[in-house]
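Position 1 is the first residue of the sequence; numbering continues from there. Remember, it's 1-based here, ligands and their atoms both numbered in the order they're listed.
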Amino acid sequence: MTQILGISGSLRKGSFNTALLHTAQDLMPEGSTLVAGSIADIPLYNADKEQAHGLPDAVVRLKEQIIEADGVLLFSPEYNNSIPGVLKNAIDWTSRPASDISKVFGGKAFAVLGASPGGFGTILAQDAWLSVLRTLTTRQWHQGRLMVARAGDMFDDGALTDDKMKDRLRAFLAGFTAFAADQQN
Ligand code: FNR
């Protein structure tokens with residue numbers, strides 16, 4: 001069983017990116033699962049607090065989930081043509097202490113996808129993630145891209161409803177899951 005961890009970078013209830021993650025859970029290839037991680041309880045990073053109290057429970061949990069997963073999918077919104085702060089903050093926490101980076105991220109299969117109401121579907125946020133992931137020494141999957149543009153027309157009631165986009169999501173998930181499974185061999 002190949003286990004993929006999905007992390008949505010939006011905290012809002014009606015999030016398109018969380019809806020994309022939930023739809024993806026239903027479209028995973030046979031023999032795989034997509035577990036939803038959460039960044040909701042992760043506070044703003046503060047080195048003083050880290051030094052005094054160590055990592056918050058929500059960060060410890062997310063780090064464990066990344067370690068357990070064969071691959072990680074970031075469902076990233078785009079803010080001001082880049083990475084949204086809440087998701088970057090969560091990943092920054094999981095990169096602490098730096099001595100754990102290789103254990104948590106080293107060689108781990110990663111890919112980014114996302115949805116936005118605009119016409120470019122998070123393409124710039126996805127590009128911005130590349131330099132972060134390179135620093136964390138993850139192994140990026142580049143064989144597929146998924147930008148869900150015009151998200152307002154693509155989702156209904158917390159799920160992706162556009163059939164063509166669902167087909168593209170299914171193919172993306174199949175490709176990434178095979179890549180992640182391959183890294184384990
Ligand atoms: C946005 N949004 C946005 N969208 C986009 O495609 N490119 C962008 O640069 C931005 N910039 C941006 C900045 C800020 C501060 C906000 C709050 C929003 C719109 C964004 O894509 C939209 O709010 C999505 O709905 C956010 O994702 P979720 O919450 O639906 O997952």
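- Aromatic ring pairs are classed by plane angle as parallel below 30°, tilted from 30° to 60° and perpendicular above 60°; the pair Phe105 and Phe110 is tilted.
- Here the closest non-hydrogen pair linking Leu44 and Trp93 is C-NE1, 3.7 Å.
- Atom 31 (O) of ligand 1 has as its closest protein heavy atom Ser15 OG, 2.6 Å.
- Geometrically, ligand 1 and Thr18 share no nitrogen or oxygen pair separated by less than 3.5 Å.
- Looking only at heavy atoms of the protein, atom 6 (O) of ligand 1 is closest to Ser116 OG, 2.8 Å.
- Looking at Glu78 against ligand 1, both its backbone and its side chain come within 4.0 Å, counting heavy atoms.
- Taking the six-membered ring where the residue is Trp, Phe172 and Phe176 present parallel rings, their angle staying beneath 30° rather than reaching 60°.
- Scanning all protein heavy atoms for the shortest distance to atom 21 (O) of ligand 1 gives Pro117 CD, 3.2 Å.
- In this model, no donor atom of one side chain and acceptor atom of the other lie less than 3.5 Å apart for Glu78 and Ser76.
- Atoms of ligand 1 found under 4.0 Å from any heavy atom of Ser10 (numbered from 1 in listed order, with element): 28 (P), 29 (O), 31 (O).
- The two residues Gln140 and Leu133 come nearest to each other via the heavy atoms OE1-CB, 3.1 Å.
- Closest protein heavy atom to atom 11 (N) of ligand 1: Asn80 N, 2.8 Å.
- Results of the side chain to side chain contact (heavy atoms under 4.5 Å, CB included) test with Ile91 over Ile42, Leu136, Ile83 single out Leu136 as the only residue that passes.
- In this structure a side-chain-to-backbone donor-acceptor pair under 3.5 Å is missing from Thr18 to Gly14.
- Ranking the protein heavy atoms by distance from atom 26 (C) of ligand 1 puts Pro77 CB, 4.1 Å first.
- Counting only heavy atoms of the protein, atom 23 (O) of ligand 1 lies nearest to Tyr79 CE1, 4.7 Å.
- Atom 9 (O) of ligand 1 has its closest protein heavy atom at Asn81 N, 2.7 Å.
- Atom 27 (O) of ligand 1 has Asn17 ND2, 3.3 Å as its closest protein atom, hydrogens excluded (heavy atom only).
- Grouping the Ile, Leu, Val, Met, Phe, Trp and Tyr side chains by contacts below 4.5 angstrom, directly or via other members, places Leu5 apart from Leu173.
- Taking only nitrogen or oxygen atoms, main chain and side chain alike, Ser82 does not reach within less than 3.5 Å of ligand 1.
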